[in-house]
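Just follow the structure's listing: the first ligand is 1, and inside any ligand the first atom is 1. In this text, all values refer to a predicted model and were calculated from it rather than measured experimentally.
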Amino acid sequence: MTAKFDVINPATEQVVDSVRLVTAEETDTAIARAAKAFPAWRAVAPGDRARLLRRFAEAVDADLENLARLEVLNAGHTIGNARWEAGNVRDVLHYYAAAPERLFGRQIPVPGGVDLTFAEPLGVVGVIVPWNFPMPIASWGFAPALAAGNTVVLKPAELTPLTALRLAELAHQAGIPQDVFQVLPGKGSVVGQRFVTHPLVRKVVFTGSTEVGKQIMAGCADQVKRVTLELGGKNANIVFADADLEKAAAAAPYGVFDNAGQDCCARSRILVQKSVYDRFMELLEPAVRGVVVGDPGDEKTEMGPLISHGHRAKVRSYLPEGAPIAFQGTAPDGPGYWFPPTVVTPSGVRDPLAADEIFGPIVAVLPFADEAEAVTMANDTDYGLSASIWTRDVGRALRVSRAVEAGNLSVNSHSSVRYWTPFGGFKQSGLGRELGPDALAAFTETKNVFIDTEG
Ligand code: NAP
Ligand code: MG
């Protein structure tokens, strides 16, 4: 009996495809194949492994429009975002394609011999991907893992398997052996769980909710399995009185409503200095009402639908009768999991509107008195992924950047992700860092070898 999953277009509620779900037994078979493929893959000459990854990157580039359209269909991402996401996969592959020939060890002076270190691949790496950014998040795991000489099994989110399946086809067309990179669509509780418990999977890379991330970490402890976790966020956007308020207000909606707020880096708490609070709200209202929500395939659309019926119900549950809604933007009627951009003014940082990762287009605005209070409020959360600081004072920008307990800060900007800079969370937002120059270290073990030369 093989189960299938109907993939639904969240903008139309139409079934776009039906994907067979991989079983636990098939997961075990795939892991065994990946383990068998490991010795040959790690033995591929560095320059050849690099060339295969570059070919994979070129195949992604040649298929960019198709991949982007698939994501519009499957995840309701705007076409502009989806093109960026496919391009990000290409760039991440190119970046880590430069790694195999540069995976240096060290030679450390010792008496009586020579001491060398090697960066050894781990073996089979299991990558578990959420539905919010199916393409980029997959590549942040598989690209450095493959570059370092590991084989990869990857589980896309049940809701969004289509682009991952296409990426596997492109990898194989580019010459990467089938068993070196396998995509296994299925349930987290089945396929994902086997990555955690199967002894031949030597590392799990997980992106998703903090709740499931804790279970993954606990499960991996049993085998002291390596783990990288990218979890939730409730990120502060701190606007000081001396900021360019017009610019801060114009940018704020895009810092939180991009991807309909389904972004672990969404700046979903706007902290505004009291003296400019009223003025900021005046400027924010037209900016929020101006966000273009609609058909994600339309070039002019800035925000699409939420991912699923169930997720929209969860987002909606945060706005019961009498919720402190300041103002809302628009959203289409009719089929599709639409939700309008919404600004709320909860009474404090502990209000669920200000504390929970809602993962939808709802942003909380809260006033603060001074710099010290802004930092206290920004840090009054178990999360610590990202934050933005709007000020013209360079000293304050750096002081507050250092004081906020988060992994990714931006000043007078909301950008968090560049493939060549490190990305990850403090506190319960995660463990380890992805991307950037050091990500290879998370996919290798350091081996130290001493050679006696006195002999
Ligand atoms: P999730 O449950 O954490 O799912 C993320 C991935 O983990 C999916 O592939 C999921 O599989 C898999 N999974 C679930 N349970 C598992 C288990 N026991 N063992 C191994 N793998 C497992 O996230 P979600 O349910 O999609 O979203 C819930 C909330 O998490 C969101 O509302 C948001 O607050 C947060 N979230 C954060 C991020 C982020 O980027 N940090 C991303 C997504 C969600 P299935 O496909 O079967 O679910
Ligand atoms: Mg879940």
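Counting only residues at least two apart or in different chains, ring pair (Phe, Tyr, Trp, His ring centres under 6.0 Å) contacts with residues 340-361 comprise W131-F359. Screening residues 132-154 for ring pair (Phe, Tyr, Trp, His ring centres under 6.0 Å) gives F56-F142, H77-F133, W140-F423, F142-F181 as the qualifying pairs, with residues at least two apart or on separate chains. Under the side chain to side chain donor-acceptor pair (under 3.5 Å) criterion, the residue pairs touching residues 338-366 are Y318-D356, Q328-T342, R350-D380, with sequence neighbours excluded.
A distance of 6.0 Å or more separates the ring centres of W420 and H94.
The NE2 atom of H198 lies 8.5 Å from the NZ atom of K225; values are rounded to the nearest 0.5 Å. Atom CD1 in I216 sits 4.0 Å away from atom CD1 in I128 (nearest 0.5 Å).
For ligand 1, the 4.0 Å heavy-atom shell takes in I128, V129, P130, W131, N132, K155, A157, E158, K187, G188, G192, Q193, F206, T207, G208, S209, V212, Q215, I216, E230, L231, G232, C264, H311, K314, E357, F359, ordered by chain and residue number.
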